[in-house]
Amino acid sequence: TNELTRASACDAAADYGAGAVRPLVLSMGSPDFELGRRCQRALHRIVRHAGRPGAQSEAAAVEGELLPLLSESSLPVQVRRDLVWVLSEIGTARAVEPITALFVDKDLRDDARCVLLRLPCPEAMAALKQAFGTAPEEFKYALADSLRARGDRVEGYPSKKLVPTGQTTVTPLPARK
């Protein structure tokens, strides 16, 4: 019965909206794997429900709950990574600065970069451009790819996807007799 109650609560998560975001996120890093996963699913339900057409005020409320949690370093990296990605579904211009702040975190900066690509606001492009100017050299290649994906020209940082990683050779098969 307890399991049925938990499953039912997870299914109804969207009904609780923004008020349930913080408790769910804090439980996502639980040592109890099933509880963490259930809370993650519930958070995703809330975000997707809030992101439906015509629910801008709900999306804004959920975004407002998620943004401060991004900077909580006590949360496990995987939980913070999931927060960044759910913001890609409902994030607005006000999410750009907190997401960009994650560029200093080697564990989260690629996720933050990819999420900025998904945000349909000019502030996201401006943040990518600004970050490119100050980023560590090894991160500039990824930022350059993102800028090119948004239509910007970037010189001197070719896509790493196009650079061969190893020498290949082809050995001909012996002739058939």
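Everything numeric in this text was worked out from a predicted model, so none of it was measured.
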Exercise. Rounded to the nearest 0.5 Å, how far apart are CD of E65 and CD1 of I46?
Worked result: 10.0 Å
For this session: Check whether any side-chain heavy atom of M125 sits under 4.5 Å from a side-chain heavy atom of D152, and report yes or no.
Result: yes
For this session: State, yes or no, whether a side-chain contact exists between Y141 and V154 at a heavy-atom distance under 4.5 Å.
Result: no
Seminar exercise, completed: residues 52-63 vs side-chain hydrogen bond (donor to acceptor under 3.5 Å, both in side chains), sequence neighbours excluded, gives H49-R52, R52-E58, E63-T92, E63-R94
For this session: Spell out, yes or no, whether V21 and Y16 are grouped together once hydrophobic residues are joined by side-chain heavy atoms under 4.5 Å, including indirect joins.
Result: no
Exercise. Taking only residues two or more places apart in sequence, or in another chain, which ones meet E123 in a side chain to side chain donor-acceptor pair (under 3.5 Å)?
Worked result: none
Exercise. Mind checking what makes side chain to side chain donor-acceptor pair (under 3.5 Å) contact with R109, not counting sequence neighbours?
Worked result: E138
Exercise. Are a donor atom and an acceptor atom from the side chains of Q40 and R37 found within less than 3.5 Å of each other?
Worked result: no
Side-chain donor-acceptor distances from residues 67-77 under 3.5 Å, at least two apart:
residue : atom : partner : partner atom : Å
S71     : OG   : P68     : O            : 3.1
E72     : OE2  : R22     : NH1          : 2.8
E72     : OE2  : R22     : NH2          : 3.0

Problem set entry | K140, NZ: over 12 other non-hydrogen atoms inside 6.0 angstrom | yes
Exercise. Salt bridge between D105 and R80, side-chain N to carboxylate O under 4.0 Å?
Worked result: yes
Could you list the donor-acceptor pairs under 3.5 angstrom formed between side-chain atoms of residues 112-121 and any protein atom two or more places apart in sequence or on another chain?
residue : atom : partner : partner atom : Å
R113    : NE   : D110    : OD1          : 3.3
R113    : NH1  : S146    : OG           : 2.7
R118    : NH1  : S88     : OG           : 3.2

Problem set entry | Partner set under salt bridge (charged side-chain N to carboxylate O under 4.0 Å, His left out) for E89, not counting sequence neighbours | R48
